[in-house]
Amino acid sequence: MDESTDHTSHTNHTTFKSRAELHPYDKSIVPKVIYILQFGGIGAIASFLPVYLFDVKGFSEEQIGFMGVLRPAATFLFAPMWTGLSDTLGWHRTVYTMSTILGTLLRFLLIVVNGFAGLLCMVIAAEGFGSGYPPLVDAAVLAGMSDKKEWGKHRLWGAAGYGIACLLVGFIIQATHSWTGMFVIHGILLGLTIITVRSLLRMGPNAGDSTENKEQQGRKKGISLSTIGTIIGGTRVRALFFTVVWLCGIGTGVIENFLFLFLQNDLHGPKTLLGLSRFITCAAEIPMFWYAGTLTKRFGTFGVLAFACVCYFIRFVSYANLYNPWLVCLVEPLHGVTYAVMWNASTSYASDIAPSGLGSTTQGLLASVHWGFGMGSGALVGGFVYQKYGARVMFWAATVLPLASLVLLACNAFFGDTQRSGSGQVAYLYKPLQSAAVEDDEFEYSFDYDDEQRAGSDDGEVEVVKSAPASTAPSCPADMDMPATMDANSAGTVVQPDDVVADGTTMDAVGPDTHDAGHVKACGDSQTNVTGCSSSVSDA
């Protein structure tokens with residue numbers, strides 16, 4: 001059968017596409033190459049910048065802490081602006097290129113600019129203008145994947161690139177006693193990234209998985225403060241998620257801004273150790289990114305976040321009791337959990353809850369909360385405590401962050417609302433297939449197949465589950481906008497297609513208010529019972 005042939009039997013809008021067309025990045029090497037180059041370029045300068053400003057430009061610990069506040073603040077403000085602009089106007093490739101070039105050029109100006117005020121302006125401008133390209137790439141790759149929780153299998157190559165670049169830059173600085181190599185490697189790798197992205201990565205309407213339809217909706221809706229508020233805090237579960245992401249970001253801000261200073265200034269470790277420790281953290285990311293999707297499917301988003309918080313606690317306690325600088329190499333493998341596993345779960349969650357056409361915007365908000373507001377808070381408080389009480393007190397104080405997160409997650413697990421069925425706990429997720437327009441007052445989406453057909457390609461079939469008649473569709477509890485637990489015969493009831501259960505596990509894991517009120521009609525409403533749904537089932 002020709003996969004591109006339109007079929008009119010049973011439905012007027014049935015277009016068959018291969019899995020490779022719908023999800024071009026499931027097995028593609030393109031995202032891997034992009035992540036190697038992109039994060040190699042970022043790693044060449046990011047970890048060494050505080051030390052560069054301390055050694056070469058004469059910054060104090062307090063000034064570095066102040067800079068560490070404003071850098072993430074720029075990300076907090078600019079990342080949603082870049083991603084929102086790209087979603088609203090559909091200029092994803094152009095916005096990506098502008099963000100990468102401007103951020104890179106402004107970092108090169110750090111070589112010639114002197115004085116605290118001038119350097120601070122350059123750092124803030126570089127961070128702000130350069131904050132758009134990582135979430136834009138993430139959104140494009142996620143849009144082209146069928147199982148977004150497996151995104152880490154692409155992203156792990158970024159960890160490899162970051163670690164190799166850090167190790168290389170550390171050796172170059174130690175051998176040449178010059179910081180020029182840091183800027184040169186940064187510029188070369190990001191230049192190659194731009195070429196690769198513009199040549200090979202499908203962005204915006206061509207990213208795959210009905211993105212064209214979504215992007216048209218995004219441009220129609222535009223971006224507003226109410227939309228941002230709905231994404232971040234539209235439900236209790238979302239508010240909890242972004243709160244924990246923020247607290248993790250504070251911990252990341254403490255580590256990223258002050259660990260290298262602690263190793264060098266307090267423990268007198270060589271710069272080679274700084275590069276080696278960063279290499280170890282990146283090496284630890286590789287296997288954890290590979291298994292992050294499996295862990296998220298098994299334990300849910302909040303279970304994975306709790307695991308990351310435990311590892312954050314262990315890291316902070318270990319740093320506070322560190323006296324031999326080389327022993328940091330035994331602690332840094334925990335970064336594989338605190339970053340790789342946590343961030344894979346967070347990005348896939350953000351992709352799941354993204355409204356139609358606002359995938360890049362949602363990734364930008366996630367980056368803003370963690371890398372912007374979170375890291376900025378960590379740099380501000382950490383710099384004050386470091387300057388006044390020392391690094392060890394700072395690390396002890398930072399243990400409050402993961403403990404607070406664990407308390408919030410535990411409260412959600414034990415006291416959050418749940419839905420149970422007599423035969424066990426099963427959450428059914430309903431995701432529409434692609435390419436035949438379906439429209440009502442609440443949403444517009446596209447489907448691919450009708451209720452009696454099964455289609456696929458050489459690399460796998462897509463199963464179509466027949467819709468239940470409206471008379472047999474279950475009714476929702478009064479306080480819910482989605483089916484909580486139901487049997488397999490109920491397959492076909494459509495919930496908001498851009499707001500599925502983000503954990504992919506049970507309702508107990510996420511609570512009944514995962515979906516925004518008003519976006520999903522009553523479960524028994526015949527208008528929302530359409531053909532062409534596929535179901536994903538996860539047993540508790």
Side-chain angles (χ1 to χ4, degrees), residues 19-28 30-32 34-35 83 87 92 134-158 201-204 206-211 213-215 218 231 237-238 241 245 288-305 339-367 370 427 429-434 445 460 462 495-505 509-510 514-515 534-538:
R19 183 179 297 276
E21 289 177 302
L22 291 172
H23 310 296
Y25 301 133
D26 281 350
K27 299 178 180 180
S28 173
V30 171
K32 299 175 175 62
I34 290 172
Y35 279 133
T83 53
D87 277 337
H92 296 79
L136 285 172
V137 170
D138 291 344
V141 174
L142 284 161
M145 296 184 66
S146 58
D147 186 352
K148 294 172 175 55
K149 290 181 174 60
E150 297 298 326
W151 169 78
K153 292 183 179 179
H154 289 309
R155 177 59 180 79
L156 66 86
W157 293 92
L201 186 67
R202 294 163 59 178
M203 303 184 80
N206 297 317
D209 204 16
S210 79
T211 309
N213 193 51
K214 290 186 175 184
E215 296 300 337
I231 293 173
V237 174
R238 291 187 186 189
F241 167 73
V245 167
M288 298 315 297
F289 265 127
W290 182 266
Y291 290 108
T294 301
L295 291 172
T296 304
K297 293 172 188 175
R298 175 64 182 87
F299 299 105
T301 299
F302 287 170
V304 165
L305 290 178
Y339 175 62
V341 175
M342 182 278 295
W343 196 244
N344 185 82
S346 299
T347 52
S348 62
Y349 185 103
S351 182
D352 282 341
I353 67 172
S356 295
L358 301 180
S360 297
T361 300
T362 306
Q363 293 298 327
L365 289 171
L366 177 67
H370 183 81
L429 316 184
Y430 293 86
K431 293 186 178 181
L433 298 172
Q434 314 303 324
Y445 208 76
V462 178
V495 297
Q496 177 70 357
D498 59 355
D499 198 13
V500 300
V501 178
D503 272 359
T505 54
V510 298
T514 303
H515 290 73
S534 66
S535 66
S536 172
V537 183
S538 175

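All residue numbers refer to positions in the sequence shown, counting from 1. No experiment lies behind these values; they were computed from the predicted model shown. Hydrogens, waters and symmetry mates play no part in the numbers below; they use all other heavy atoms, side chains included.
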* May I ask you to decide if the ring planes of Tyr339 and Phe289 are parallel, tilted or perpendicular, using 30° and 60° as cut-offs? =>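 Ring orientation, 0 to 90° scale: perpendicular.
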
Within a strict 4.5 Å, meaning less than it, do heavy atoms of the [X] and [Y] side chains meet?
X	Y	result
Pro135	Leu365	no
Val141	Leu201	yes
Glu150	Lys297	yes
Tyr349	Thr296	no
Ser348	Asp147	no
Lys153	Met145	no

* Criterion salt bridge (charged side-chain N to carboxylate O under 4.0 Å, His left out) on Lys149 and Asp352, from CA distance to verdict -> CA-CA 10 Å; Lys149 290 181 174 60; Asp352 282 341; 3.6 Å; yes

* Hey, is CH2 on Trp157 packed in by over 12 heavy atoms from elsewhere, all under 6.0 Å? ->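 Open: at most 12 neighbouring heavy atoms sit under 6.0 Å from CH2 of Trp157.
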
State, to 0.1 Å, how close [X] and [Y] come at their nearest heavy-atom pair, and which atoms those are.
X	Y	value
Leu305	Ser346	CD2-OG, 4.1 Å
Gln363	Leu142	NE2-CD1, 3.5 Å
Ser28	His154	O-CE1, 3.3 Å
Ala354	Gly359	CB-CA, 3.9 Å
Thr362	Ala350	CG2-O, 3.3 Å
Val341	Ala292	CA-CB, 4.0 Å

* To do: Show your reasoning for whether side chain to side chain contact (heavy atoms under 4.5 Å, CB included) applies to Ser360 and His92.
  => CA-CA 9 Å; Ser360 297; His92 296 79; 3.6 Å; yes

* Walk me through it: do Asp138 and Tyr35 pass the test side chain to side chain contact (heavy atoms under 4.5 Å, CB included)? => CA-CA 9 Å; Asp138 291 344; Tyr35 279 133; 2.7 Å; yes

* **Residues which pass salt bridge (charged side-chain N to carboxylate O under 4.0 Å, His left out) with Lys32, listed by chain and number, not counting sequence neighbours** =>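 None.
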
For the atom pair [atom1] ([X]) and [atom2] ([Y]), what is the distance rounded to the nearest 0.5 Å?
X	Y	atom1	atom2	result
Trp343	Leu366	CH2	CG	3.5 Å
Asn344	Met288	CG	CE	10.0 Å
Leu136	Met203	CG	CE	5.0 Å

* Report yes or no: does Tyr25 contribute a side-chain atom to a donor-acceptor pair with the main-chain N or O of Arg202 at less than 3.5 Å? =>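 Yes; judged by distance alone, with no hydrogens or angles, the pair exists.
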
* Can you check whether Thr347's main-chain N or O pairs, donor with acceptor, with Ser351's side chain at less than 3.5 Å? ->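 Absent.
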
* To do: Tell me yes or no: between the side chains of Thr361 and Asp87, is some donor less than 3.5 Å from an acceptor?
  =>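 Distance-only check passes for Thr361 and Asp87.
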
